[in-house]
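Notes follow the structure.
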Amino acid sequence: GAVVSQHPSRVICKSGTSVKIECRSLDFQATTMFWYRQFPKQSLMLMATSNEGSKATYEQGVEKDKFLINHASLTLSTLTVTSAHPEDSSFYICSAANGEQPQHFGDGTRLSIL
Amino acid sequence: ELKVEQNPLFLSMQEGKNYTIYCNYSTTSDRLYWYRQDPGKSLESLFVLLSNGAVKQEGRLMASLDTKARLSTLHITAAVHDLSATYFCAVAGNQFYFGTGTSLTVIP
């Protein structure tokens with residue numbers, strides 16, 4: 001099956017720093033990538049949808065200046081959490097899809113801001 | 001906005017017992033997914049249901065879809081400890097809409 005690689009799997013950093021998370025589709029071209037956020041014992045919340053070569057579409061309540069998304073190629077999307085604070089600590093999951101493939105999920109990134 | 005509700009939210013059951021998790025959704029969709037999530041892990045795809053009346057089975061899990069009732073079920077047969085996890089349904093619209101999740105604990 002299709003493989004989506006997410007990196008890093010775990011990040012711990014100090015408040016105020018920026019953190020970049022990468023999401024790569026390894027064996028298919030992903031025209032669309034999705035970024036989700038999951039708090040403990042809760043469901044996944046869609047943050048934004050990114051299409052290759054265009055600006056991401058953010059869900060209501062998600063600050064686009066804080067969560068920068070770049071989808072520069074058909075195999076790579078990045079999420080940068082800028083000036084991260086403890087309340088940004090969460091589990092972030094990406095997924096990749098194209099018209100033929102259903103969504104395939106990355107392994108997730110656990111972000112902890114001290 | 002499409003809403004997806006799962007029932008129950010938490011489930012504790014003994015090994016060997018059967019139980020059904022329900023997933024209700026609010027508007028028409030022709031694709032429904034079931035996922036498993038272990039603690040600290042991402043989602044593992046279990047089933048994709050693409051049409052009314054679809055039924056799929058894998059081991060002790062069986063999923064079905066009734067698009068007219070906007071209902072999907074995940075039936076657990078003779079539960080074993082290894083099935084302990086959180087199970088999510090997701091409905092495909094213009095995006096994925098996830099259910100609230102069902103946290104399952106199987107007690108030896």
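Crowding of Gln57(B) atom CD: a count of heavy atoms from other residues, nucleotides or ligands under 6.0 Å exceeding 12. Within a 6.0 Å radius of NZ in Lys64(A), other residues, nucleotides and ligands contribute 12 heavy atoms or fewer. Enclosure of atom NE2 in His85(A) by more than 12 non-hydrogen atoms of other residues, nucleotides or ligands within 6.0 angstrom is indicated. The neighbour count for Glu87(A) CD, taken as heavy atoms of other residues, nucleotides or ligands under 6.0 Å away, is above 12. For Met45(A), the CE atom counts as loosely surrounded, since its 6.0 Å shell holds 12 or fewer non-hydrogen atoms of other residues, nucleotides or ligands.
Contact of Gln38(A) with chain B is made through the side chain alone, with heavy-atom distances under 4.5 Å. Using a 4.5 Å cut-off between heavy atoms, Leu46(A) touches chain B through its side chain atoms alone. For Tyr97(B), no part lies near chain A; criterion is any non-hydrogen pair under 4.5 Å. In this structure, the portion of Thr100(B) lying under 4.5 Å from any heavy atom of chain A is its backbone and not its side chain. For chain A, no part of Glu44(B) is nearby; none of its heavy atoms comes within less than 4.5 Å.
A continuous path of hydrophobic side-chain contacts links Ile69(A) to Met47(A) [ILVMFWY only; heavy atoms under 4.5 Å]. Put simply, Val62(A) and Tyr36(A) are part of two different groups of oily side chains (I, L, V, M, F, W, Y) that touch within less than 4.5 Å, one to the next. By the criterion of side-chain heavy atoms lying less than 4.5 angstrom apart, applied directly or through intervening Ile, Leu, Val, Met, Phe, Trp or Tyr residues, Val80(B) is grouped together with Leu61(B) in one hydrophobic cluster. Residues Leu43(B) and Leu104(B) are members of separate hydrophobic clusters, defined by side-chain heavy-atom contacts under 4.5 angstrom among Ile, Leu, Val, Met, Phe, Trp and Tyr. Linking ILVMFWY side-chain heavy atoms closer than 4.5 Å, directly or via other members, places Leu68(A) and Val19(A) in two distinct hydrophobic clusters.
For the atom pair CD of Gln103(A) and OG of Ser45(B), the computed distance is 11.0 Å after rounding to the nearest 0.5 Å.
When Ile93(A), Leu44(A), Thr49(A) are compared by the number of non-hydrogen pairs under 4.5 Å with chain B, Leu44(A) comes out ahead. For the set Ala90(B), Gly99(B), Gly101(B), Pro39(B), the entry with the most heavy-atom pairs within less than 4.5 Å of chain A is Gly99(B). Counting heavy-atom pairs under 4.5 Å between each of Phe96(B), Phe88(B), Tyr33(B), Tyr35(B) and chain A puts Phe96(B) at the top.
Ring planes of Phe98(B) and Phe105(A): perpendicular class, angle over 60° (limits at 30 and 60°).
Proximity to chain A at a heavy-atom threshold of 4.5 Å picks out nothing from residues 14-26 of chain B.
A pairwise comparison of heavy atoms in Phe91(A) and Lys41(B) identifies CE2-O, 3.4 Å as the closest pair.
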